[in-house]
Number of protein chains: 2
Amino acid sequence: MLELRLVQGNLLKKVLEAMKDLVTDANFDCSVTGFSLQAMDSSHVALVALLLRSEGFEHYRCDRNITMGMNLNNVSKLLKCAGNDDIITIKADDGGDTVTFMFENPKQDKISDFEMKLMDLDSEHLGIPDAEYHATVRMPSLEFSRICKDLSSIGDTVVISVTKEGIKFSTRGDIGNANIVCRQNTTVDKPEQATVIQMNEAVSLTFALRYLNSFTKATSLSETVTISLSSELPLVVEYKIADMGYIKFYLAPKIEDDE
Amino acid sequence: MLELRLVQGNLLKKVLEAMKDLVTDANFDCSVTGFSLQAMDSSHVALVALLLRSEGFEHYRCDRNITMGMNLNNVSKLLKCAGNDDIITIKADDGGDTVTFMFENPKQDKISDFEMKLMDLDSEHLGIPDAEYHATVRMPSLEFSRICKDLSSIGDTVVISVTKEGIKFSTRGDIGNANIVCRQNTTVDKPEQATVIQMNEAVSLTFALRYLNSFTKATSLSETVTISLSSELPLVVEYKIADMGYIKFYLAPKIEDDE
DNA sequence: TCAGCGGTAG
DNA sequence: CTACCGCTGA
């Protein structure tokens, strides 16, 4: 028996909006720890990892570990039927092949429930090593999103370089080259507006902008984003989910074969 | 001679927006009582009935009953030329074959008039029996609209059931089943937000969501909608038009041929 | 990628 | 009430 009650239902709505373009089908895993998901995108280049810790739910009951395969597009459709300030409850029976999403509006006079068939999916649990990164940058998520969008109008790939000076995003395309540098900046009104560079070793890697733009769909989940880089390791783009966990996107660097 | 002056011209604009997707051509009937219309949709499944009582007009002159056939799409196009707070005057000569719409802006420095040829249409005046309904539900029109829209992302038809508990909307589709229950709720700040159930007998009927979604185009005419159901009778969805009358939509239930 | 609708701001 | 911007759906 599984029963998870999430007061801030719109978190779940946003999470699905953030994932559904990248991943079509995925297994959600429930344990006493929390509600989580790990999935690769269809081209097996990027990976999403979601964690919503049990403590973040108003009520969390998970009698035994359970894996629920769902089509994220369908889940997203269902969640579109939830109001932005609805309370969402997820229910499933052990051994059952369906999951039920229940939405209660704040006035408590409208209750919707949606039952969806589960899918049987191969789980591809990739042990993600908890690596030490050469560089980690925290910056306003909206700024990162804007940069990725802007650069993708010039080129397809971006070189992200971190030095003590700051983080530099460079691209080149038919119409020219572009470089955007964000310097460390901690003298701001609100800590969320800060750009903080933590660097052990300078690093410079190339990524496909297409995926980064997909990742930034999560922007509304958090005012800040954390970008971690190491040579030879996938980039990590992490959005914290208030009091509950995170959504992390991993993306393998491109091997630069020209020049 | 016909001359109707409507100060709140945007009512007429909204009325036409609400009808034009459902009905292509229709006869408008004028009598001393008021300005009315009854028409079936092109597939003869739904019916619209409009009434704007003469008292709602600033000036209402109708020397003799007159029937004016119009293409609602064309009328709607003309009305798009009226400003939202223009005063609209409708004029026609007895025995003439044209109608004139005149728009005056609030500052009274711009006057437009549009003359349109009338059409000769068979009138299909369906005596709508003033039935006693098994159940009548009044609820916020926006909520009804939202429910119909949400459910149509899951399925094509909706089962509407009324019990003492409330009104339930159910659908099923490829991705799963959905149920939305609205409980009676009169403890709200504004009476327009209340959901009021009046039931003599429990009732459960099936309708095509496509039509309901068409009806909800009238949502902006009124904050509340009244839904009346009886087994074997068409559903009625009524939007009151402030101080003037109503627009009512009738829809025959689907006969459930499976199970 | 483009168009239409809804929401927000002036 | 109008105009602009952003988001969603086709």
Side-chain angles (χ1 to χ4, degrees), chain A residues 10-22 24 71-86 140-156 173-175 208-223 239, chain B residues 6-18 20-22 73 76-77 79-88 103-110 112 140-156 173-175 209-210 212-223 242:
Chain A
N10 77 8
L11 285 186
L12 199 62
K13 285 165 70 87
K14 288 179 184 175
V15 161
L16 264 113
E17 282 309 300
M19 300 192 301
K20 76 165 206 279
D21 290 336
L22 207 58
T24 51
N71 175 291
L72 298 195
N73 245 306
N74 290 344
V75 178
S76 160
K77 264 191 201 164
L78 293 192
L79 292 175
K80 288 238 174 72
C81 303
N84 257 329
D85 35 28
D86 280 6
S141 59
L142 204 62
E143 187 163 354
F144 177 64
S145 158
R146 178 68 198 267
I147 290 168
C148 294
K149 189 167 131 280
D150 285 352
L151 291 185
S152 60
S153 72
I154 315 278
D156 298 328
D174 296 341
I175 69 169
L209 279 163
R210 196 191 130 208
Y211 291 99
L212 297 182
N213 275 312
S214 221
F215 301 168
T216 60
K217 294 265 156 64
T219 299
S220 64
L221 280 166
S222 171
E223 289 193 39
Y239 297 86
Chain B
L6 178 63
V7 175
Q8 220 180 328
N10 78 8
L11 285 185
L12 199 62
K13 285 164 69 87
K14 287 180 184 173
V15 161
L16 265 112
E17 282 309 299
K20 74 168 207 283
D21 290 337
L22 208 57
N73 244 306
S76 160
K77 272 189 198 161
L79 292 174
K80 289 240 173 72
C81 303
N84 256 328
D85 34 28
D86 280 7
I87 296 169
I88 298 182
F103 311 142
E104 300 165 66
N105 74 347
K107 279 158 54 195
Q108 300 274 303
D109 59 359
K110 176 178 157 197
S112 331
S141 59
L142 204 63
E143 187 163 352
F144 177 64
S145 158
R146 175 73 197 262
I147 289 168
C148 293
K149 188 169 132 279
D150 282 351
L151 290 185
S152 58
S153 76
I154 314 279
D156 298 327
D174 295 340
I175 72 170
L209 280 164
R210 197 193 129 207
L212 297 182
N213 275 313
S214 217
F215 300 169
T216 60
K217 294 266 158 62
T219 299
S220 64
L221 280 166
S222 170
E223 288 193 39

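Just so you know, these numbers come straight off a predicted model, no measurement behind them. Every chain is numbered from 1 and lettered A, B, ... according to where its sequence line falls, protein lines coming before strand lines.
For the pair B/L11 CG and D/dC1 C1', the interatomic distance rounds to 16 Å; values are reported in whole Å. Atom CD in A/E17 sits about 6 Å away from atom P in D/dT8, given to the nearest Å. Note: CG (A/N84) to C1' (D/dT8) measures 14 Å, nearest angstrom. As rounded to whole Å, 8 Å separates atom P of D/dG6 from atom NZ of A/K149. Between B/N213 atom CG and D/dG9 atom P the separation is 14 Å, expressed in whole Å. D/dT8 atom P lies 8 Å from atom NZ of A/K20, rounded to whole Å. At whole-Å resolution of the value, CG in A/N10 and C1' in D/dC7 are 16 Å apart. Straight-line distance from the NZ atom of A/K14 to the C1' atom of D/dT8: 17 Å, rounded to whole Å.
Across all non-hydrogen atoms, the minimal contact from A/L79 to A/L12 is CD1-O, 3.8 Å.
Listed for the A/K14 side chain is a donor-acceptor partner under 3.5 Å among the backbone atoms of A/S220. Put simply, the side chain of B/S152 gets close to the backbone of B/C148: a donor and an acceptor are under 3.5 Å apart. At distances below 3.5 Å, not a single donor-acceptor pair connects side-chain atoms of B/D21 with backbone N or O atoms of B/S214.
Regarding contacts with the backbone of D/dG9, a side-chain N or O of A/K80 is found under 4.0 angstrom from either OP1 or OP2.
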